[in-house]
Amino acid sequence: MPELAEVEFFRRVWMRAASVPVLEVQLHPKARPLREVDYEALREGLTGSCLESSSASGKRMCYKFSGNQWLGVHLGMTGELRVEAPGFIPLKHDHLVLRLTKSSLIFADPRMFGRIQYASGADAPPWWRDLPPDLLSPKFSEACVNDFLLRHQGLPLKAAVLLQDGFAGVGNWMADEILWRSHLHPQRKVATLTAAESVAIHAETVAVAREAMRTVAVEKGTTFAEPPQGWLFHTRWGKVGLCPRDGSKLRRETVGGRTTAWCEVCQPKGNKRA
DNA sequence: CAACCTGTTCGCCA
DNA sequence: ATGGCGAACAGGTT
């Protein structure tokens with residue numbers, strides 16, 4: 001479920017418990033998302049320490065605890081972070097619970113495609129180095145996008161904008177939104193892009209990321225909010241989804257291995273000559 | 001009941 | 001070595 005802004009939402013959820021010592025760590029050692037962690041090291045390391053800071057990179061998060069301890073979180077398809085009462089009894093899919101004095105921090109993931117990582121040390125662990133450019137940083141430039149696309153000429157656009165090394169945080173709905181706004185057909189091959197179309201992908205990626213961060217990463221009850229009205233997001237799953245721009249019926253098909261929605265009027269298959 | 005799913009990773013192949 | 005593809009991973013929902 002979680003893409004860029006939803007990940008940011010969840011990152012903030014746990015930060016509500018910053019600076020409070022961890023009394024106890026409970027975990028499900030056999031749960032798949034924890035398959036890489038050294039359970040004893042994590043338990044001993046985090047007990048008594050405080051959450052100090054955190055950052056997100058694309059769909060990944062890293063929480064830093066006192067004593068130079070790093071906890072990596074990827075929510076996979078169905079993961080979520082929650083804050084519950086101190087005495088909260090973990091549910092079936094609550095694989096990791098950090099008990100604090102006034103709350104419990106929960107990592108839950110029913111489908112178990114998520115991943116928890118743990119390391120200690122003064123420097124960021126190997127898995128939190130060499131991160132891809134943030135979509136909202138100057139590093140994510142037109143040239144950066146163009147260079148990345150040049151290395152993936154054979155892919156359909158849909159598959160290309162889902163690659164996390166180049167488009168960190170873009171997931172299925174953001175990818176469709178970006179291509180819809182760019183007037184580009186998801187099955188177009190990267191190799192057929194004109195310079196102007198590459199620039200459009202950059203611009204719309206930034207626009208979608210910025211607007212999603214502004215609207216979606218906001219707390220609304222216990223879950224994130226939805227993107228603004230008028231976005232493809234709201235119609236792409238409907239039985240008869242209609243294009244928010246021209247009202248024509250959306251096409252839906254698997255592209256690049258993922259269910260993809262697009263408007264055949266707005267996003268013509270043909271290569272518009274520059 | 002079968003199909004479907006907002007994600008990654010692996011092995012295979014070119 | 002690099003890039004592309006399809007399967008695999010699990011379990012809940014439609």
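Reminder, nothing fancy here: chain letters follow the sequence lines and each chain counts from 1.
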Could you tell me whether A:E8 and A:R12 have a side-chain N and a carboxylate O separated by less than 4.0 Å?
yes
Among C:dG11, B:dG7, B:dT6, which nucleotide sits nearest the side chain of A:F233?
B:dT6
Within the structure, does a side-chain N or O atom of A:H74 lie under 4.0 Å from either OP1 or OP2 of B:dT8?
yes
Separation of A:D147 atom CG from C:dT2 atom C1', in whole Å?
17 Å
Any side-chain N or O of A:K92 under 4.0 Å from OP1/OP2 of C:dG12?
yes
Using whole Å, report how far CD of A:E3 lies from C1' of B:dT8.
14 Å
Closer than 4.0 angstrom, basic N to acidic O: yes or no for A:D94 and A:R82?
yes
Distance below 4.0 Å between A:R258 side-chain N/O and B:dT6 OP1 or OP2:
yes
Ignoring hydrogens and geometry, is there a side-chain-to-backbone donor-acceptor pair from A:E197 to A:T194 under 3.5 Å?
yes
Side chain to side chain donor-acceptor pair (under 3.5 Å) test vs A:D176 passes for just one of A:K158, A:R258, A:Q267, namely A:K158
Side-chain N,O (A:R60) to OP1/OP2 (B:dG7) below 4.0 Å:
no
Measure from the side chain of A:R32, starting at C-beta and using heavy atoms only, and say which of C:dG4, C:dC9, B:dT6 lies closest.
C:dC9
Measure from the side chain of A:R151, starting at C-beta and using heavy atoms only, and say which of C:dG3, C:dC9, B:dT9 lies closest.
C:dG3
Would you call A:E36 and A:R115 a salt bridge, using N to O less than 4.0 angstrom?
yes
N or O in side chain of A:H152 less than 4.0 angstrom from C:dT2 OP1/OP2
no
Can you tell me, in whole Å, how much space there is between the P of C:dA7 and that of B:dA3?
15 Å
So what's B:dT6 paired with, Watson-Crick or G-U wobble, going by both distances under 3.5 Å?
none
So, is A:Q164 near the phosphate of B:dT8, with a side-chain N or O under 4.0 Å from OP1 or OP2?
yes
For the side chain of A:H93, counting heavy atoms from C-beta on, which of C:dC9, C:dG12, B:dT6 is nearest?
C:dG12
Looking only at the side chain of A:P156 (C-beta and beyond, no hydrogens), which of the listed nucleotides B:dG7, B:dT9, C:dC5 gets closest?
C:dC5
